[in-house]
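Step one of this worksheet: look at the structure below.
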Amino acid sequence: MSETETQMPKAFDPQAIEAGWYARWESDGLFRADASSPKPKFTMCFPPPNITGELHMGHALQTAIYDLLARYKRMTGHEVLFLPGYDHAAIATQNVIEKQLAREGTTKEELGREKFDERVQAWYEQVGATIINQLRLLGASMDWSRLRFTMDSRYVRSVMTAFVAFYERGWIYRAPRIVNWCPRDRSAISDLEIEWEEHHDTLYFIRYPVEGGGDLVIATVRPETMLADTGVAVNPTDDRYQSLVGKTAILPLVGRKLPIVADGLVEKDFGTGALKVTPGHDPMDYDIGQRHSLEIINGMHPDGSMNVPGLPYDGLTGLEARRMVVEDLRAQGLLIKEEPYTHDVGHCDRCHAVIEPLISEQWWLRMETLRDKALAASSLGQVRWHPERYERTYLDWLRGLRDWNIGRQLWLGHRVPVYHCENGHQLVTVEPPSRCTECGSTALTQDPDVLDTWFSSALWPFATLGWPDDTDDLTAFYPTNLNATAREIINLWVSRMIMTGLEFMGAVPFSDVAIHCQVQAADGRRMSKSLGTGVDPRALIDKYGTDALRAWAASVAMSSQDVRFDESRVEGYRRFSNKLWNATRLVLSSPGTPPVGKPGVIEAGEHLEDRWILSRLAYASSAVTAGIESFTFQDSIAAAYAFAWNEFCDWYLEAAKERLRDGDAAAQDVAYFCLDTILRLLHPFMPFVTDELWSRLPGGNDYLMRAAWPDGLDRFIALDTEATFALVIGIVEEVRGHRQAAGAPARGGKLRLDHSAGREVATIAARLGWVELDDELEGGIPLAVVPGWVSFPAGSGDARRQAELKRFKDDLAKAEAKLANSEFTSKAPSEIVSKLEERAAELRAAIDRLTPTAI
RNA sequence: GGGCGGCUAGCUCAGUGGGAGAGCGCUCGCCUCACACGCGAGAGGUCAUUGGUUCAAACCCAAUGCCGCCCACCA
């Protein structure tokens with residue numbers, strides 16, 4: 001036993017090595033990108049994690065994907081920039097702080113703006129540090145010297161520059177429109193920030209009298225909004241109401257006169273076919289109101305309470321007002337009926353309050369040019385999507401794109417760089433102006449609105465590299481190569497980066513978009529903290545190590561379907577780490593001077609198992625590479641795992657064990673070469689254990705991240721050798737099977753093989769099957785794969801042979817039936833037919849060997 | 001309402017036209033001097049349903065049924 005091997009504990013302990021490796025990688029500058037490097041560049045700007053401070057499965061998946069590519073690209077000779085950062089996440093952070101304040105029994109208003117800002121700063125510092133530590137824990141090889149935060153002064157300047165640039169193009173304007181209003185945040189939010197939830201409400205049928213006699217009945221789930229009604233609409237083709245169009249209805253409880261108009265948006269089949277029109281509080285009503293010049297009444301305050309001066313409902317909450325309105329209508333006999341009604345209601349995705357559509361003056365960004373450039377880039381194939389089908393999701397959304405409400409009425413975020421002087425002039429500038437350029441006034445006030453967080457996120461791939469300055473980083477690293485993310489933010493984020501990248505940089509921000517799966521809880525529900533279904537990746541890392549978590553993540557991330565979390569699969573990769581560890585121990589225990597790493601000059605040599613494993617290694621290597629290149633990482637993991645465990649450990653090391661024990665140089669060559677190569681292939685997926693083991697191999701190894709990716713192994717491919725070794729496997733498995741079925745002891749017994757099997761096959765098979773070769777053996781249980789017989793000193797029965805025979809006969813019957821079918825033989829490709837013929841012949845031979853008369 | 005994805009072994013998932021796979025779990029035998037986080041041998045599946053295309057279908061087409069997601073201004 002060599003010294004090196006005795007230094008290695010029997011079991012692998014991830015905790016013992018991971019932190020040390022990360023610190024070494026970082027302090028030796030392995031993550032640092034050099035903008036002046038002559039190597040081809042590979043750039044990824046990591047999506048700013050949401051600043052809630054909680055690491056979740058999404059981060060683990062995303063980080064695994066990004067980091068495996070970073071490491072792979074370094075190994076294939078690229079200068080890699082993997083840029084980290086985090087995001088101010090205005091509305092989310094404001095909500096977190098407000099909740100903290102609520103727990104302390106206070107509010108941001110009581111605290112005041114300045115103190116609130118201090119709280120926010122403290123939060124950012126604390127959470128920013130947490131996020132960074134978590135990314136380190138995951139082994140992310142990020143260039144920390146380039147860490148970016150969306151509230152850094154440089155980044156803020158990028159945001160302001162973009163705003164001004166859009167403004168100068170004439171694309172930013174301010175206008176009143178109907179928006180999604182969150183009454184709790186007291187801010188507008190975008191369509192994409194709404195979560196729809198099913199509500200069980202009541203549909204109320206209300207009679208509206210018509211001037212000059214008669215009436216009509218409308219149906220609504222929100223009777224309180226009738227207080228702001230300014231019209232009634234029916235479908236122009238609805239015979240029931242033809243005579244009423246042009247007349248005037250009288251709004252109950254209020255007495256307002258409501259023009260009755262005809263509009264195609266009204267569904268004849270819904271309710272009564274008559275629609276109360278509330279242009280101030282419903283997007284569809286707003287459209288109808290615009291077409292028919294109906295008055296717009298804002299019936300709600302920013303906190304969602306009723307704004308109906310002079311009416312008894314003024315100041316009530318929406319629900320209170322609804323109850324009272326319904327009571328009053330009932331008292332007046334105007335409530336015709338009530339029906340249970342199920343529909344979807346929008347909630348704020350951050351604070352969960354029910355969204356109120358209302359009219360509000362907001363900042364808007366025109367999207368036409370941005371959208372058209374993105375569509376053009378797409379038709380030129382400048383962005384590749386993985387899986388491809390998500391490109392359609394993106395294009396469908398783009399085509400239906402409307403102007404973007406970029407303003408938010410929050411305390412937190414990038415302030416809109418619009419300033420007004422006391423004389424009413426408006427200035428839009430990147431740097432805050434000291435005086436009005438029109439009149440020289442120094443009495444300037446800044447617009448109170450902040451920007452949608454996604455406005456700044458949209459600039460991420462170039463703002464992080466220094467834009468608008470013409471920096472070395474921007475020149476060297478833009479456009480970047482990848483964005484990997486969850487599909488829920490394709491429209492919120494990915495699409496907007498593509499649009500701004502094309503507009504400001506003239507090129508798409510990344511060449512590839514990878515959409516990874518969502519990890520569900522084991523029972524299929526969403527993983528969520530509030531449901532208690534979340535799984536903390538840190539707990540998994542504690543139990544199984546980062547490598548296991550990452551390997552699992554890579555194995556599921558790009559599978560087409562969302563995946564239910566299955567802890568046993570993570571555990572499986574920890575066992576795999578342990579297997580690699582022990583395989584290394586075995587190889588290192590081989591005595592003598594081991595060959596100093598000389599990948600590329602190794603030769604296959606005379607031994608069957610050596611030639612076989614090198615051929616399999618060549619296959620595994622190309623499979624791993626192909627999986628990474630095609631964003632099907634699950635294929636890479638599967639190929640590496642199967643090779644390392646089921647071929648290298650289970651067969652090669654078992655076959656070559658004695659030679660290794662004897663210090664056989666050829667066996668050492670091959671074993672070290674395979675080990676070296678598989679550690680390289682696995683490094684992107686399992687960086688810690690691979691570097692740990694690789695560093696223990698002879699040859700004064702540096703770091704795997706700086707080692708070359710395996711290539712040029714095709715010369716080892718030897719299909720005839722693989723076929724021969726398949727005989728070894730077949731014989732050994734039959735011997736073991738018979739031993740077990742006969743209840744024979746674990747070792748011992750005799751094996752006679754026909755000379756056609758070959759001496760080397762016989763020797764290896766006998767050793768692995770724990771039997772002795774005996775050319776004189778008489779009788780015994782016949783083998784199927786080759787002419788041969790095995791017998792054991794104790795135990796009896798040939799149940800396995802019987803079962804095998806039956807299986808072969810069934811298979812042969814099927815094959816013969818097929819071959820007897822002239823449709824098949826005439827129409828199927830000839831190679832299929834001859835393959836089946838060969839198989840039938842093999843089955844016949846095997847059946848012959850197993851049949852008693854042949855013994 | 002529109003679109004997308006899924007339905008394969010007890011569980012979680014691979015498998016895109018010619019002999020049904022993996023991991024975990026289960027049964028049985030093994031502490032064989034790398035590994036019990038292990039080794040070996042097994043059991044277990046009318047590949048959701050129905051119809052179609054084809055010499056041949058888990059795989060292609062159509063419909064249906066569940067499950068999930070995205071998009072959408074029917075109150």
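Letters A, B, ... are given to chains in the order of the sequence lines, protein chains preceding strands, and every chain is numbered from 1. Side chains are part of it too, since the values below use all heavy atoms of this structure and drop only hydrogens, waters and symmetry mates.
Rounding to whole angstrom units, CZ of residue A:F576 and P of B:rG38 are separated by 12 Å. Here the C1' atom of nucleotide B:rU54 and the CG atom of A:N821 are 12 Å apart, to the nearest Å. Straight-line distance from the CG atom of A:L227 to the P atom of B:rA75: 20 Å, rounded to whole Å. Atom CE of A:M284 is separated from atom C1' of B:rC73 by 7 Å (rounded to the nearest Å). Between the P atom of B:rA75 and the CG atom of A:L275 lies a distance of 10 Å, rounded to the nearest Å. A straight line from CG of A:L693 to P of B:rC35 spans 15 Å, rounded to a whole angstrom. Between the P atom of B:rC13 and the OH atom of A:Y573 lies a distance of 13 Å, rounded to the nearest Å. As rounded to whole Å, 16 Å separates atom C1' of B:rU32 from atom CD of A:E772.
Under the Watson-Crick and G-U wobble criteria, each requiring two contacts below 3.5 Å, nucleotide B:rG18 is paired to B:rC55. For B:rU46, there is no paired base (Watson-Crick or G-U wobble, both distances below 3.5 Å).
In this structure, A:Y544 has its ring center no closer than 6.0 Å to that of A:Y573. For an aromatic pair to be called close, the ring centres must be under 6.0 Å apart, and A:Y341 with A:F270 satisfies this. If you look at A:H516 and A:H386, their ring centroids are not closer than 6.0 Å.
Using a 4.0 Å heavy-atom criterion, one finds that A:Y341 contacts the sugar-phosphate atoms exclusively.
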Quick one: side chains of residues 805-825 of chain A, donor-acceptor pairs under 3.5 Å with protein atoms, not counting sequence neighbours, listed by atom name and distance.
unit_1: A:K806; atom_1: NZ; unit_2: A:D810; atom_2: OD2; d: 2.9
unit_1: A:E816; atom_1: OE2; unit_2: A:R844; atom_2: NE; d: 3.2
unit_1: A:E816; atom_1: OE2; unit_2: A:R844; atom_2: NH2; d: 3.1
unit_1: A:N821; atom_1: OD1; unit_2: A:E823; atom_2: N; d: 2.9
unit_1: A:E823; atom_1: OE1; unit_2: A:K827; atom_2: NZ; d: 3.4
unit_1: A:T825; atom_1: OG1; unit_2: A:N821; atom_2: O; d: 3.3
unit_1: A:T825; atom_1: OG1; unit_2: A:S822; atom_2: O; d: 3.3

Please list each protein N or O that sits under 3.5 Å from an N or O in nucleotides 66-72 of chain B, with the distance.
unit_1: B:rC69; atom_1: O2'; unit_2: A:R487; atom_2: NE; d: 2.9

Write down the protein N/O and nucleotide N/O pairs, taken from nucleotides 41-43 of chain B, whose separation is under 3.5 Å; answer none if there are no such pairs.
unit_1: B:rG42; atom_1: OP1; unit_2: A:R800; atom_2: NE; d: 3.0
unit_1: B:rG42; atom_1: OP1; unit_2: A:R800; atom_2: NH2; d: 3.2

N/O contacts under 3.5 Å, protein versus nucleotides 21-26 of chain B?
unit_1: B:rC24; atom_1: OP1; unit_2: A:R575; atom_2: NH1; d: 3.2

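B:rG15 and B:rA58 have their C1' atoms separated by 9 Å, with the value rounded to a whole Å. Using atom C1' as the reference point in both B:rG17 and B:rG3, the two lie 28 Å apart (nearest Å). Annotation: B:rA72 and B:rC4 have their C1' atoms spaced 15 Å apart (nearest Å). Separation of the C1' atoms belonging to B:rU32 and B:rG18 is 42 Å when rounded to the nearest angstrom. Here, B:rA48 and B:rC39 have their P atoms 33 Å apart, quoted to the whole Å. Nucleotides B:rU54 and B:rA62 place their C1' atoms 16 Å apart, quoted to the nearest Å. Rounded to whole Å, the P atom of B:rC59 lies 13 Å from the corresponding atom of B:rU8.
A ring-ring contact (aromatic ring centres under 6.0 Å, His included) with A:W385 holds for exactly one of A:F631, A:Y394, A:Y390; it is A:Y394.
To the nearest 0.5 angstrom, A:L653 atom CG is 10.5 Å from A:E609 atom CD.
A heavy atom lying under 4.0 Å from RNA chain B marks the following residues of residues 829-838 of chain A, by number: A:P829, A:I832. Contacts between residues 840-847 of chain A and RNA chain B, defined by a heavy-atom separation below 4.0 Å, involve no residue at all.
Between A:S559 and B:rA14 there is a side-chain N or O to OP1 or OP2 distance below 4.0 Å.
Between A:S577 and A:K579, the side chains place no donor N or O within less than 3.5 Å of an acceptor N or O (distance only, hydrogens not considered).
In summary, A:K276 and A:D285 do not engage in a salt bridge, as defined by a charged side-chain N under 4.0 Å from a carboxylate O.
The base of B:rC35 lies close enough to the side chain of A:K579 for a donor and an acceptor atom to sit less than 3.5 Å apart.
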